[in-house]
Structure formats: structure tokens, C-alpha cells
Amino acid sequence: MILRFSTHLRVPFSNNLAERDQRPIKVQQRTSGGCWRTLQGLIDFAVVQSYLSTVGKWGLDKFDALERLFTTGAWLPHALTPDAAATAA
């Protein structure tokens, strides 16, 4: 299992991608003195970070995705759109 990346090219060499997703949370925690002011603030931060992380993993521009979010609606991966789910069923 440790060397799976050598036989399966889609498996990444390291788990840096997972660690990079957590980095903005730790930076925010460090700059805010180690605490969140409200639970709702933490939830909002996590939702935005999750959205931007997903957009980045799909190879889209994060700024364009945010602009679309506030103009035409949230971007969703094709497999998760309601139309694709209805046709798959």
C-alpha cells in the first residue's frame, strides 16, 4: 500500500493535498489567537474553504467560481448537479 503510487499513476505520491486543505484553517486559528469568535463564523469559514478547495481540485479558477456564486449561482461538479442525478436514476 505504501508504494501504490508506483503502480497506479492516479494515486498521488504524497498526502500533501489533504494537508493543504487544512492549512488555511490552522493559519486562521493562529492569527485569531487560537479561537473562533462564534460557531457561525467557523461554519461560514469552513463552507467557503470547502467550496474553494473543491473548485481548485476541479481545475477551475477560484475567483471565477466566486463571481459565479454571487451572480448566477454556485458551481457544482457535473456528477452532483440535480439534472445529472435525475438522468442517472
Side-chain angles (χ1 to χ4, degrees):
M1 294 302 291
I2 295 172
L3 298 175
R4 181 170 297 272
F5 69 89
S6 64
T7 58
H8 293 81
L9 299 178
R10 294 191 64 182
V11 176
F13 175 73
S14 69
N15 67 346
N16 281 342
L17 191 59
E19 292 175 4
R20 273 189 233 133
D21 286 342
Q22 295 175 359
R23 184 158 178 76
I25 297 166
K26 296 307 283 183
V27 169
Q28 172 64 25
Q29 185 181 25
R30 184 175 53 236
T31 58
S32 67
C35 64
W36 295 89
R37 293 189 185 264
T38 65
L39 182 58
Q40 188 61 46
L42 171 61
I43 293 168
D44 293 342
F45 182 82
V47 167
V48 171
Q49 287 299 326
S50 175
Y51 180 71
L52 291 176
S53 175
T54 302
V55 164
K57 288 176 184 174
W58 279 80
L60 303 173
D61 183 52
K62 293 178 182 182
F63 183 76
D64 290 341
L66 284 175
E67 184 178 16
R68 179 178 171 179
L69 174 66
F70 293 112
T71 56
T72 60
W75 170 85
L76 293 174
H78 299 295
L80 300 179
T81 57
D83 295 335
T87 57

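Note that this is a predicted model, so its numbers are computed, not measured.
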key: Contacts of type side-chain contact (heavy atoms from CB on, under 4.5 Å), residue Thr31, not counting sequence neighbours   = Val27, Gln28
remark   = On a heavy-atom basis, the closest approach of Phe45 and Pro24 is CZ-O, 3.8 Å
Side-chain donor-acceptor pairs of residues 47-56 under 3.5 Å, sequence neighbours excluded:
residue: Tyr51; atom: OH; partner: Ala65; partner atom: O; Å: 3.4
residue: Tyr51; atom: OH; partner: Trp75; partner atom: N; Å: 3.1
residue: Ser53; atom: OG; partner: Asp21; partner atom: OD1; Å: 2.8
residue: Thr54; atom: OG1; partner: Ser50; partner atom: O; Å: 2.9

request  = If a pair satisfies side-chain hydrogen bond (donor to acceptor under 3.5 Å, both in side chains) and one of its residues is in residues 61-70, list it, with sequence neighbours excluded.
outcome  = none
